[in-house]
Amino acid sequence: MILGRTKEDCVVAIYILGKRRKIVRSVDIANSLGITKPSVSVMLRSLEEDGFVNKASAEDLYELTLTEKGLAFAEQLHERRCFFTDLLIWAGVSRDVAEREACELEHALSYESFNLVRSAVDRQRAARPA
């Protein structure tokens with residue numbers, strides 16, 4: 001965990017929401033994560049200072065975008081979440097539970113452990129007859 005779970009979830013939320021809509025606002029993040037707008041504001045200030053997020057004012061709204069650093073980080077986290085979601089569903093876990101628990105796993109494992117697990121799963125899948 002580099003930023004802490006909530007900030008990491010915020011970066012991923014901006015990434016996912018940005019794929020779905022033209023403008024991402026702090027209220028969208030608050031609704032997506034189920035947290036208060038003041039909490040989002042504090043996180044965004046920190047993420048902006050750390051070089052993960054840009055805030056641009058447009059018609060009295062702040063449009064949120066990820067910097068190159070933020071985009072690369074969000075893509076890594078999203079890849080981890082998708083991998084664990086797919087793995088858990090493959091193992092027989094319901095989609096709702098798999099998505100919730102994949103989010104936990106995404107934050108719990110180090111990058112080294114994630115890469116080892118992914119490699120082991122890839123090797124196992126490749127060894128299976130089609």
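Shortest non-hydrogen contact noted between Leu66 and Leu71 is CB-N, 3.7 Å. Scanning all heavy atoms of the two residues, the minimum distance from Ile29 to Leu17 falls at CD1-CD1, 3.8 Å. When every heavy atom of Leu47 is checked against every heavy atom of Cys10, the shortest pair comes out as CD1-SG, 3.8 Å. A pairwise comparison of heavy atoms in Val11 and Ala74 identifies CG1-CB, 3.6 Å as the closest pair.
Remark: Arg118 pairs with Glu79, Asn115 by the side chain to side chain donor-acceptor pair (under 3.5 Å) rule, at least two apart or across chains. Qualifying side chain to side chain contact (heavy atoms under 4.5 Å, CB included) partners for Glu49, counting only residues two or more places apart in sequence or in other chains: Arg45.
Partner of Arg81 under the salt bridge (charged side-chain N to carboxylate O under 4.0 Å, His left out) criterion, chosen from Glu75, Glu106, Glu104: Glu106.
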TODO: Verify ring pair (Phe, Tyr, Trp, His ring centres under 6.0 Å) between Tyr15 and Phe73, making sure each step is shown before the conclusion.
DONE: CA-CA 10 Å; Tyr15 175 75; Phe73 189 63; over 10 Å; no
TODO: Check step by step if salt bridge (charged side-chain N to carboxylate O under 4.0 Å, His left out) holds for Arg21 and Asp28.
DONE: CA-CA 10 Å; Arg21 54 182 64 166; Asp28 302 322; 2.8 Å; yes
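Under the 4.5 Å side-chain heavy-atom criterion for ILVMFWY residues, a single connected hydrophobic cluster contains both Ile16 and Phe52. Under the 4.5 Å side-chain heavy-atom criterion for grouping Ile, Leu, Val, Met, Phe, Trp and Tyr, Val121 is connected to Leu109 within one hydrophobic cluster.
Salt bridge Glu63/Lys22: absent, no basic N to carboxylate O contact under 4.0 Å.
In this structure, Lys7 contributes its side chain and Leu44 its backbone to no donor-acceptor pair below 3.5 Å. A donor-acceptor pair under 3.5 Å is formed between the side chain of Ser41 and the backbone N or O of Lys37.
To the nearest 0.5 Å, atoms CG (Leu105) and OG (Ser113) are separated by 11.5 Å. Within the model, atoms OG1 of Thr65 and CG of Asn54 stand 4.0 Å from one another, a figure rounded to the nearest 0.5 Å. Atom-to-atom distance recorded for Ser26:OG and Asn31:CG is 9.5 Å, nearest 0.5 angstrom. Distance check: Arg25 CZ to Lys55 NZ gives 14.5 Å after rounding to the nearest 0.5 Å.
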If you look only at distance, which donor and acceptor atoms sit under 3.5 Å apart when one is on a side chain in residues 86-103 and the other is two or more places apart or in another chain?
from, atom 1, to, atom 2, distance (Å)
Ser94, OG, Val97, N, 3.4
Arg95, NH1, Glu99, OE2, 3.3

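Side-chain contact check for Met43 versus Thr6: some heavy-atom pair is nearer than 4.5 Å.
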